[in-house]
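The chains referred to below are lettered A, B, ... by the order of the sequence lines, with proteins before strands, and numbering in each begins at 1. Every value quoted in this text rests on a predicted model; they were computed, and no experiment measured them.
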Number of protein chains: 2
Amino acid sequence: MATISEVAQRAGVSTATVSRHLRGERVRQADRVLVAIEELGYRPTIAAQSLRSGIHYAVAMVVPDITNPYFASVAKGVESVLRKTPYRIFLANTDESPDLEESILREVAPRVDGIILAPAVEKEEMPLKIRGEGRPIVLIDRELSDKSFDSVLVDNVGGATAAARHLLDLGHSAIALISGPLVNTPGRLRYDAFLRALATAGVTPPPQYREIANFREAGGYEAMMRLLRLPEPPTAVFCANNVMTVGCLKAVADSRLSVPTDISVIGFDDLDLGMLLNPPLTVIDRPSEEQGAAAGKLMLERLRGGRPDVPDRIVMPTRLLARASCAPPRRTRLTITSGGGEMS
Amino acid sequence: MATISEVAQRAGVSTATVSRHLRGERVRQADRVLVAIEELGYRPTIAAQSLRSGIHYAVAMVVPDITNPYFASVAKGVESVLRKTPYRIFLANTDESPDLEESILREVAPRVDGIILAPAVEKEEMPLKIRGEGRPIVLIDRELSDKSFDSVLVDNVGGATAAARHLLDLGHSAIALISGPLVNTPGRLRYDAFLRALATAGVTPPPQYREIANFREAGGYEAMMRLLRLPEPPTAVFCANNVMTVGCLKAVADSRLSVPTDISVIGFDDLDLGMLLNPPLTVIDRPSEEQGAAAGKLMLERLRGGRPDVPDRIVMPTRLLARASCAPPRRTRLTITSGGGEMS
DNA sequence: GTGAAAGCGCTAACAT
DNA sequence: ATGTTAGCGCTTTCAC
């Protein structure tokens, strides 16, 4: 690999001039330098740049699970923006574990210029420390208790409220909720907003209708199984994210029940096959790839611009995709016929 | 951040000794060094290590589309293995574009120690060049014309053959195929094996039954639409990957047709909701996360072990998940009633 | 087994 | 606007 001094020599200038040219400063002999760079096929050595300048041209993307289509989509959005820059993306999965997240952050922070993070819990110590060391953090999907961070979110309250109203409008009152953990933003916000919207209409789900699961498929499955086995099962259920909805639907199928005849289901996040299910799934949809792109752009802004006085908090709208998995409640009591079946 | 010389000073040894200790060499004063490292919270600066030693502690993962559940799953597998090592993962999407792939490879190669690649086409120039510079390449899902690369694959031939036999066994003879591009391994192998298996049974699909699409949802949709509009539509179709199967199913739905009454569908790759579809989707399944983990392990082996004389070619088995989307062919002619509908 | 010292390729003062 | 030069933090001869 050619070095900067070879370029300098060939162009008849100093290494400093080449270096300046590289970073976009105005240079008189720009053309000569350019030619030398071309001819030698010169590419700067990132490690040397990093060592000297502290810039790594890398951003970490830390998410609970890249296998969740929502985060995969976010990652794609981020990638599409950073692709056009010299910044590359380190990908890390936290598995929704606060401990793993902390160790990943500690480990990766010194190697990157900034972090795009979907935190497992709302504890801000690590992020605060990292930002304090001059590395911008952009939160995605989830906030921290400390509201001073840049973030790209969706209107969780609006979405959960719309879900509640949709069920209410159809005449449901025995409404259950499979929530995510209350320790992160979307979990808590969707839980609160959904229950508040029900309360406004005079509906208060009993404790056994309020399942707190973990945003994972198995959690959704188990929660739904518990709901269906209740002496008085609900007539409708709201699943607070995509993968729990999958689990929920599998539980319904394994119980030999059908949607929406026996129970109405509405999910947060669309599923790729949502419209192909029988019945097509009613969901609260949100622009995931756009969120990723927004997070990427915000990160670039911070990377270039220095510290802002006020955090940027981008909230994107959700929309209700009313398909056919929600219908008016049945009048008769629900009875479970059987259990078992395929479950991943 | 503490430096190695601070550690050396505190431990009363030279920086060389600390450095040796760090890389696992036997050192007499190991305990003293360890204590100093602990007390100072010392962490080596990767940039300095890279500059000096050429080791980056980074591996690139270059895939066509992280949004494809198969690749997301592979990424998770890779991540789970590398997490326990000092190596981090750069993620890049090629969008199935050979040009983009080439520029990404060129750009990222100097920053990493190795590359896990699912190539868009079978051209091996860039990979050869990169390997020639001492960076191991592990292919995943797809091979190159040059068979000297390490790779982690699935039994495409076995899978496609099983799919063909399944349809044949049900009594189909008007069998169509929505193939991936013939310029990459799974595309070509599945195409060839499927047709060969049919030929063995005396079935030769006419050219209009052989759709060459692009492994994308829209491609699967359009291909299926063309098939369904044929004067004599097929009674069964094999979709060569997950996202094309989704497109295919949407096309069937939009044509107001139903599976398997009007047409049987079998897909390569399971879908998360595959079993929840009506009817549950019959698929050729493969162990994607395990493939990722295998690729990660193979990469680590190469990273530690130096160049092997013979490439490692890991081929994992597929299995047929016979659910209900394939049934014996109908006897009557198929007629399209209508079109239109929701399509992403 | 250990230390001294050179230098990886680059950037950022500083000087001009 | 450009050149000179020190040195970022580490690994690795080389000598002992």
Side-chain angles (χ1 to χ4, degrees), chain A residues 1-37 40-58 86-87 107 109-113 133-135 303-304 306, chain B residues 1-37 40-58 86-87 107 109-113 133-135 303-304 306:
Chain A
M1 206 46 212
T3 72
I4 203 173
S5 28
E6 297 177 56
V7 174
Q9 191 170 353
R10 187 177 250 268
V13 297
S14 72
T15 60
T17 300
V18 178
S19 177
R20 286 178 186 119
H21 174 83
L22 251 37
R23 52 192 38 247
E25 276 181 50
R26 273 232 139 318
V27 158
R28 234 190 279 291
Q29 317 251 46
D31 41 354
R32 306 205 54 195
V33 174
L34 200 58
V35 168
I37 288 175
L40 292 167
Y42 168 77
R43 314 261 309 148
T45 301
I46 309 269
Q49 292 183 315
S50 297
L51 182 57
R52 185 57 233 238
S53 69
I55 299 172
H56 299 90
Y57 294 110
Y87 293 91
E107 204 271 334
R111 303 185 56 171
V112 299
D113 305 308
E133 288 161 357
R135 281 170 243 272
L303 254 19
R304 318 214 221 250
Chain B
M1 207 45 212
T3 72
I4 201 173
S5 28
E6 297 177 56
V7 173
Q9 191 170 353
R10 187 176 251 266
V13 297
S14 73
T15 60
T17 300
V18 178
S19 177
R20 285 176 187 122
H21 173 82
L22 251 37
R23 53 191 38 247
E25 276 181 50
R26 272 233 141 318
V27 157
R28 238 190 277 289
Q29 317 252 44
D31 40 355
R32 304 205 55 195
V33 174
L34 200 58
V35 168
I37 287 174
L40 291 168
Y42 169 76
R43 313 263 306 149
T45 301
I46 309 270
Q49 291 184 317
S50 298
L51 181 57
R52 184 58 234 243
S53 70
I55 300 172
H56 299 91
Y57 293 111
Y87 292 92
E107 204 271 332
R111 303 185 57 172
V112 300
D113 304 308
E133 288 162 355
R135 281 170 242 273
L303 255 18
R304 319 213 221 252

Under 3.5 Å: donor-acceptor pair, side chain of [X], backbone of [Y]:
X	Y	answer
B:Asp113	B:His56	yes
B:Ser50	B:Ile46	yes
B:Ser19	B:Thr15	no
B:Arg135	B:Ala109	yes

(message) Under 4.0 Å, counting only non-hydrogen atoms across every strand here, what does B:Glu25 touch: a base, just sugar-phosphate, or nothing?
(response)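 Result for B:Glu25 = nothing.
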
Between atom [atom1] in [X] and atom [atom2] in [N], what is the gap in whole Å?
X	N	atom1	atom2	answer
A:Leu40	C:dC10	CG	P	12 Å
A:Tyr57	C:dC10	OH	P	12 Å
B:Arg32	C:dT2	CZ	C1'	14 Å

(message) Please encode protein proximity along nucleotides 8-13 of chain D as a string of B, S and -, counting only heavy-atom distances under 4.0 Å.
(response) BBBBBB

(request) Would you indicate whether B:Glu6, at its atom CD, is surrounded by more than 12 heavy atoms from other residues, nucleotides or ligands within a distance under 6.0 Å? (result)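 Correct, the count exceeds 12.
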
(message) Using the rule side-chain contact (heavy atoms from CB on, under 4.5 Å), only one of B:Leu34, B:Val13, B:Val18 pairs with B:Gln29; which is it?
(response)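 Going through B:Leu34, B:Val13, B:Val18 one by one, the side-chain contact (heavy atoms from CB on, under 4.5 Å) with B:Gln29 is satisfied by B:Val13 alone.
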
